[in-house]
Engineer: 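Before we start, here is the structure in question, set down as structure tokens.
Please read all numbers here as calculations on a predicted model, not as lab measurements.
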Amino acid sequence: MTHSFPLTPRPMALAVAAAFALPQAHALETVCEHENGCEYTYHSNADREWHVRTPAASGTLNPPAGEKLHIRLKAQDYQNVPATGTGIQTTADGKDYALTNPKRLIAVQDWHRDAPSAAELTVPTGSKLTLARAEEDSSAVHVGNAHATLEQGVRISLNPGYGEANRLSHPHGDTWDTGTAIRATNGAQVRTSADIDLHGTGASGLHADDLNTRIEAADHQINLHAPVNIALSAADGGKIHARRVHIRGNGDAQLGLHTVNDGDFGETAVQHTEIRLDDSSVKLPGKTTAVIMAHGGKSILNNSSTEAEAGIVQIAFPDDTNNQDTVIDLHNSTLHGRRSLLAVNPPAWMDVAREPVPDQANRFHTVINAANSTLHGDIRTDRHLRRDNQAFGTYTLNLRDNSTWTLNGDSTLDTLNVQDSTVAFAEDGGFKTLEVSGELSGNATFRLNTDLANAQGDKLLVHGKASGQHTLHIRNTPAEPAHTDGKLTVVQTGGSDADTFRLHGETVSAGKYLYELQQENGKDWVLAHHGETAAPPAGKPLPAPSAITTPHKVLGVYADSRIAHAQTASQVLTRQNESLNLRLAELHNPHHLNGLWVLSDHSTARRPRQHIDGNTKGITSGNRTHTNGFQIGYDHVFASGAYVGALAGRSVSAADYRRQGFPDSRVSTNTFGAYGGFTRNGWFGDVLLRHNRHHSRHPEEHNRWHGNSLMLQTGMQFDAGYGWRVVPQAALTLARMSRSPHTKVAVLAQTRIGAELRGDFLVSERVRVMPFAGLYHLGDHRPAAAKLDNEYLQAPKAGSRAALHGGASVAFDRNNHFDFAVRSEHGDYLRRAATVSLGYRYLW
């Protein structure tokens, strides 16, 4: 834009000098202190004459040859004279056009653009510049082919202009353009730390226009309060470098960065039009907002965090022949589009721009490069035009150095290159397709969601060649597939090698079974049943293979974990009762002492892989379970030899499934019980009522259920001499497990038959040691039952096993007793290397 100033006769020079506080001894420096601003304009090198104007006066200044004009503002408040019109005129033919010289509060313009800058402007700390009721497209600070510095502590506010403030309709039907806080053109060099507040519609913060124009911004904030506010804008070769600049919005239709090439600079402008953010941030919570709007040019985010409804909006205007190639570079940054990462000609933005959506525009290339960065949102290009081979342009995404792109909707791009990075399909309940029109390369990790039960899921569709080696992380639902073929296509390509894709963990769970990744037709990749030969019980050989061997399906994580949880609940009951026997054994001796006691136990058990039968057939993974628990109780002994007691406790069992891709789980159990019994003439009998409340926790799901049990135990103590007794005994436990979303009602039966050798020795006047050892046969006679998708799954019982235990009780006096025991179990279906129990009793 041009702006002409009236030539002032030479006799007016002294008056102008006084008006601008011009030092008489040094004509190179001048101070602007007029509250309504100043304009300095240089038109020709011939007379080296600067034209100066304020609302109160005008004149000229003539720096010596080769010298610059130094302009400094007085630190005070500046505000424009309110306009008397919109700043838009009508020509004789009735067409509207904007004024060529919009109002400028502070302006320094050297129109001799081919010569070095002849002026420097300083806006000091404490200055406040305000535009209010100004003409259309005004500027608070305008710098053309000059240098300018706005110090920290300067504040610029752009309030609604004349048309908006008076609620007038725009003559073009557009939104009002309040203007720009700092506009740099014609090769200007600006440094600014001024805080900026934009309150008027269409207002911009910083704008750099033309080749060699540069704005260096640092350590300030730009606040957007009105629609169509733009924080940073660069056009036709202009550059903005922002360091530690924070952009905040609180309205709709707002932009963080805007790069545009609408001039005649062609490829040169594309190479030089640039906005760079270092250690900065953009936060735009409103609707129809974008971190970057690109119409050509380059945006760079370095160590910066940004968020808006769209990460990037790209506009292709109708009949636009200018070069619109766009590059977005991210380094250690976040570009978060709540809806879209990249949207081309989104209707909402075309409405804001008052532009029709073109059927075709000049082709352009868009490239997004991300290194160690996080991207979010879908890519909405011009899919409707691609069907007719009339796309606006091409879109390339390059991810490297541990970058992550999370797409939350169907996305389309032309080329995808991923090096040591992740493409994640959002877990928001809907399934998405990522369509790559060209080629896929690199070594990506793709995180997909599937629902094999309904034969649907996220899909990667590559029309060209898929090369490299890529890993699929697939998260499936626990629902059981209803279709008989048990397959789902997750990747389609125009061609891919046999090792291009692999499944993380080799398998994925869907319903009851595991699925594996298989290639079909040399290009597509499907999830299909994973099968292998059934593992026999420990110590039993495999049957001789038949002529045709059909591998058994392998149970998936949902079925396997639910089976394991039901088995764990059964084994927790066994372990609880075995631990309690340390106290009951003491009650079998007629000492007539009441007791307050605590018992803790720690164990590790291993269940091998097992084949389950019934309507559901498959192979469990087996697991290793680590259990820690304790019980506390009180009992009272009667003179008759009878006793009663109550107990409570808690245990936690952590299951390690020992299969890649199977996350660990745990079952926590709270227990409450009451017990009683008698001892007479060497005979004893015990009864225990126990209530267990179980809570299983798994990364995929949780469950709660309970069990009620009855234990009956009897035995006889025989004196073996020398302080030893032989104690044969037998116990039966019956338990009922409740129904829950993951368990079926089941009745369990457990037996324990064996004998113990117990001693009782006085080693000092006060200390007694009571060692013991035992050998038992343990039986688990009924399986538990798990539930999945209204289908019941057998949870195989632990079967028969031999158990050996030993330990000692130590009484340091009549009241204080300590217990220690070690037990182990060995069977085909359960092996418990060691259970260590520690206990303390206080008797009186």
Engineer: Mark yes or no for whether D635, through its side chain, and G645, through its backbone, hold a donor-acceptor pair below 3.5 Å.
Structural biologist: no

Engineer: Can you tell me if CZ on R693 sees more than 12 non-hydrogen neighbours from other groups inside 6.0 Å?
Structural biologist: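 Result for CZ/R693: open.
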
Engineer: Test your reading of the model: is there a side-chain donor-acceptor pair from N454 to the backbone of Q456, 3.5 Å cut-off?
Structural biologist: no

Engineer: Do the side-chain N and O atoms of T406 and H376 include a donor-acceptor pair separated by under 3.5 angstrom?
Structural biologist: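 No donor-acceptor contact under 3.5 Å links the two side chains.
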
Engineer: Please tell me whether T751 and H781 have a donor and an acceptor in their side chains that are separated by less than 3.5 angstrom.
Structural biologist: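 Yes.
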
Engineer: Do S651 and R575 get their side chains close enough for a donor-acceptor pair, meaning under 3.5 Å?
Structural biologist: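 Judged by distance alone, the side chains do pair up.
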
Engineer: Between V652 and T627, does the side-chain contact (heavy atoms from CB on, under 4.5 Å) criterion hold? Intermediate values first, please.
Structural biologist: CA-CA 6 Å; V652 176; T627 301; over 6 Å; no

Engineer: Within the structure provided, determine whether I632 and F630 are in side-chain contact (heavy-atom separation under 4.5 Å).
Structural biologist: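 In contact.
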
Engineer: Decide side-chain contact (heavy atoms from CB on, under 4.5 Å) for T714 and F684; before the verdict, give the C-alpha distance in whole Å, the side-chain angles of both, and the deciding distance to 0.1 Å.
Structural biologist: CA-CA 6 Å; T714 187; F684 61 85; 5.5 Å; no

Engineer: When you look at R666 and S653, which way does the side-chain hydrogen bond (donor to acceptor under 3.5 Å, both in side chains) test go after all the steps?
Structural biologist: CA-CA 5 Å; R666 67 175 186 170; S653 301; over 6 Å; no

Engineer: Find out whether Y643 and H588 are in side-chain contact, i.e. whether some heavy atom of one side chain is under 4.5 Å from a heavy atom of the other.
Structural biologist: yes

Engineer: Taking atom types as modelled, find out whether E516 and Q518 have a side-chain donor-acceptor pair closer than 3.5 angstrom.
Structural biologist: yes

Engineer: Do Q750 and R752 make a side-chain contact, defined as non-hydrogen atoms from C-beta onward lying under 4.5 Å apart?
Structural biologist: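 Not touching, per the 4.5 Å side-chain cut-off.
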
Engineer: Could you state the interatomic distance from OG (S738) to CZ (R736), rounded to the nearest 0.5 Å?
Structural biologist: 7.5 Å

Engineer: Testing the 3.5 Å rule here: is there a donor-acceptor pair between the side chains of N816 and Y840?
Structural biologist: yes

Engineer: Quick one, L593 and W844 - any side-chain contact, counting heavy atoms below 4.5 Å?
Structural biologist: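 No, too far: nothing below the 4.5 Å cut-off.
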
Engineer: Looking only at side-chain N and O atoms, does Q713 offer a donor or acceptor that is under 3.5 Å from a partner on N581?
Structural biologist: yes

Engineer: Would you call the rings of H805 and Y776 parallel, tilted or perpendicular, taking 30° and 60° as the class edges?
Structural biologist: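 Answer is perpendicular, since the angle exceeds 60°.
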
Engineer: With a 3.5 Å cut-off and no angle check, do the side chains of R725 and N589 form a donor-acceptor pair?
Structural biologist: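 Looking only at side-chain atoms, N589 and R725 do form a donor-acceptor pair, the distance falling under 3.5 Å.
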
Engineer: Are R650 and T671 close enough that a side-chain donor and a side-chain acceptor fall under 3.5 Å?
Structural biologist: no

Engineer: Which is it for T450 and D458 under the side-chain contact (heavy atoms from CB on, under 4.5 Å) test, yes or no, and what are the steps along the way?
Structural biologist: CA-CA 6 Å; T450 59; D458 296 328; 5.7 Å; no

Engineer: Sub-3.5 Å donor-acceptor pair from the side chain of S800 to the main-chain atoms of H777, do we have one?
Structural biologist: no

Engineer: Hey, do the aromatic rings of H695 and H702 have their centres closer than 6.0 Å?
Structural biologist: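 Yes: the rings meet the under 6.0 Å criterion.
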
Engineer: N594 side chain to V637 main-chain N or O, any donor-acceptor pair under 3.5 Å?
Structural biologist: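 At least one qualifying donor-acceptor pair exists.
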
Engineer: Just by distance, do the side chain of S561 and the backbone of Y558 share a donor-acceptor pair under 3.5 Å?
Structural biologist: yes

Engineer: If we count only N and O atoms by modelled type, under 3.5 Å, do the side chains of D664 and Y657 hold a donor and an acceptor together?
Structural biologist: no

Engineer: Below 4.5 Å, heavy atoms only, C-beta onward: do K432 and L434 meet side chain to side chain?
Structural biologist: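 No - every pair of side-chain heavy atoms lies 4.5 Å or more apart.
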
Engineer: Using modelled atom types only, decide if a donor and an acceptor are shared between the side chain of R841 and the backbone of G595 within a distance under 3.5 Å.
Structural biologist: no

Engineer: Could you report the tightest heavy-atom contact between D378 and N408, atom names first, then the distance?
Structural biologist: N-OD1, 3.0 Å

Engineer: Think K744 forms a cation-pi with Y792, using NZ or CZ under 6.0 Å from the six-ring centre and within 45 degrees of its axis?
Structural biologist: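 Ring-cation test returns yes.
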
Engineer: Testing V526, L517, L503 one by one against V490 for a side-chain contact (heavy atoms from CB on, under 4.5 Å), which residue passes?
Structural biologist: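 Option passing the side-chain contact (heavy atoms from CB on, under 4.5 Å) with V490: L517.
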
Engineer: Can you name the nearest heavy-atom pair linking L688 to N577, along with the distance?
Structural biologist: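 The answer is CD2-OD1, 3.3 Å.
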
Engineer: Does the ring center of Y842 lie less than 6.0 Å from the ring center of H817?
Structural biologist: no

Engineer: Say whether, by atom type as modelled, one donor and one acceptor occur between the side chain of E756 and the main chain of P728 under 3.5 angstrom.
Structural biologist: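 Checking the backbone N and O of P728 against the side chain of E756, no donor-acceptor pair under 3.5 Å is found.
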
Engineer: What heavy-atom pair brings W597 and Q631 nearest, and what distance separates the two atoms?
Structural biologist: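 Heavy-atom minimum between the residues: CZ3-O, 3.5 Å.
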
Engineer: What's the verdict on side-chain hydrogen bond (donor to acceptor under 3.5 Å, both in side chains) for H742 and R562, showing C-alpha distance, side-chain angles and the deciding distance?
Structural biologist: CA-CA 6 Å; H742 298 174; R562 294 184 186 185; 3.2 Å; yes

Engineer: Could you measure the distance from the CG atom of L712 to the OG1 atom of T733? Nearest 0.5 Å is fine.
Structural biologist: 8.0 Å

Engineer: Without hydrogens or angle criteria, can the side chains of N476 and D451 be said to hold a donor-acceptor pair below 3.5 Å?
Structural biologist: no

Engineer: Counting only N and O atoms by type, is there a donor-acceptor contact under 3.5 Å from the side chain of S421 to the main-chain atoms of S403?
Structural biologist: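 Looks like yes, one N/O pair under 3.5 Å.
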
Engineer: With a 3.5 Å cut-off and no angle check, do the side chains of H473 and R447 form a donor-acceptor pair?
Structural biologist: yes

Engineer: Nearest 0.5 Å, what's the CG-CG distance between N815 and L843?
Structural biologist: 7.5 Å

Engineer: Could you measure the distance from the CG atom of N449 to the CD atom of E427? Nearest 0.5 Å is fine.
Structural biologist: 5.0 Å

Engineer: So, does H602 use its side chain to make a donor-acceptor pair with the main chain of N628 at under 3.5 Å?
Structural biologist: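 No: the side chain of H602 does not pair with the backbone of N628.
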
Engineer: Does S809 form a side-chain hydrogen bond (donor to acceptor under 3.5 Å, both in side chains) with D819? I'd like the steps, not just the answer.
Structural biologist: CA-CA 4 Å; S809 296; D819 298 300; 2.4 Å; yes

Engineer: Looking at side-chain heavy atoms only, is the closest gap between R583 and V598 below 4.5 Å?
Structural biologist: no

Engineer: Are E586 and M770 packed together at the side-chain level, in the sense that at least one heavy-atom pair is separated by less than 4.5 angstrom?
Structural biologist: yes

Engineer: Apply the side-chain contact (heavy atoms from CB on, under 4.5 Å) test between W705 and each candidate in N692, V667, V745; give the one that qualifies.
Structural biologist: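 In the set N692, V667, V745, the residue that makes a side-chain contact (heavy atoms from CB on, under 4.5 Å) with W705 is V667.
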
Engineer: Working to the nearest 0.5 Å, report the span between CD of Q469 and CZ of R502.
Structural biologist: 8.5 Å

Engineer: Enter the distance from T433:OG1 to L460:CG here, rounded to the nearest 0.5 Å.
Structural biologist: 9.5 Å

Engineer: Evaluate the side-chain proximity of R768 to D760: yes if any heavy-atom separation is below 4.5 Å, no if none is.
Structural biologist: yes

Engineer: I would like to know whether L838 and F820 meet side-chain contact (heavy atoms from CB on, under 4.5 Å); could you show each step before the answer?
Structural biologist: CA-CA 5 Å; L838 300 173; F820 170 77; 3.4 Å; yes

Engineer: Please check if any side-chain donor atom of H826 sits under 3.5 Å from a side-chain acceptor atom of R831, or the reverse.
Structural biologist: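 No donor-acceptor contact under 3.5 Å links the two side chains.
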
Engineer: Give the ring-plane orientation class for H691 versus F672, where under 30° counts as parallel, over 60° as perpendicular and anything between as tilted.
Structural biologist: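 Geometry flag for F672 against H691: parallel rings.
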
Engineer: Could you verify whether a donor N or O on one side chain and an acceptor N or O on the other, from D560 and S621, lie under 3.5 Å apart?
Structural biologist: yes

Engineer: Under a 3.5 Å distance rule, please check whether T743 uses its side chain to pair with a backbone N or O of S740 as donor and acceptor.
Structural biologist: yes

Engineer: Shortest non-hydrogen contact from A834 to V822?
Structural biologist: CB-CG1, 4.5 Å

